[in-house]
Novice: 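So that we are looking at the same thing, I have put the structure below in structure tokens.
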Amino acid sequence: MSEKAVETMSFEEAMAALEQVVGALERGEVPLEQSIALYERGAALKTYCAKKLAEAEEKVELIRAQEGRAVGTTPAEGM
């Protein structure tokens, strides 16, 4: 079974695949060489998911700015 390329996955697909990788590694049910390949795929999935989350956060901040709402997560001084 061939694995879907990370770059073509939706965020939800990538998260599900990452959970499967982590589960397999935690259970120790794969030989060492396959564990290394799984770890590499997991790292790629994690990076991809982090990128997608950052992009979503940027979009939300742009929407908030366009609506005249506060942007950012740092509280104002003196609050």
Novice: Going from NZ on K52 to CD on E12, what distance comes out if it is rounded to the nearest 0.5 angstrom?
Specialist: 10.0 Å
Novice: Given the rule that I, L, V, M, F, W and Y join up when any side-chain heavy atoms are under 4.5 Å apart, are I36 and V21 in one cluster?
Specialist: no
Novice: Rounded to the nearest 0.5 Å, what's the gap from CZ on R64 to CD on Q66? Could you check?
Specialist: 12.5 Å
Novice: Quick check: closest heavy atoms across A14 and Y48, and the distance to 0.1 Å?
Specialist: CB-CD2, 3.7 Å
Novice: To the nearest 0.5 Å, how far apart are CG in L32 and CG in L38?
Specialist: 11.0 Å
Novice: For the NZ atom of K51 and the CD atom of E7, what is their distance to the nearest 0.5 Å?
Specialist: 8.5 Å
Novice: Decide whether V30 and L18 are clustered together by the hydrophobic rule: side chain heavy atoms of Ile, Leu, Val, Met, Phe, Trp, Tyr closer than 4.5 Å, transitively.
Specialist: yes
Novice: Find the distance between NZ (K46) and CZ (R41) and round it off to the nearest 0.5 Å.
Specialist: 16.0 Å
Novice: Which atom pair, heavy atoms only, marks the closest approach of V6 to A44?
Specialist: CG1-O, 4.0 Å
Novice: Is it true that, when you exclude Y39 itself, more than 12 heavy atoms of the residues, nucleotides or ligands shown sit nearer than 6.0 Å to its OH?
Specialist: no
Novice: Are any non-hydrogen side-chain atoms of M9 and L45 less than 4.5 angstrom apart?
Specialist: yes
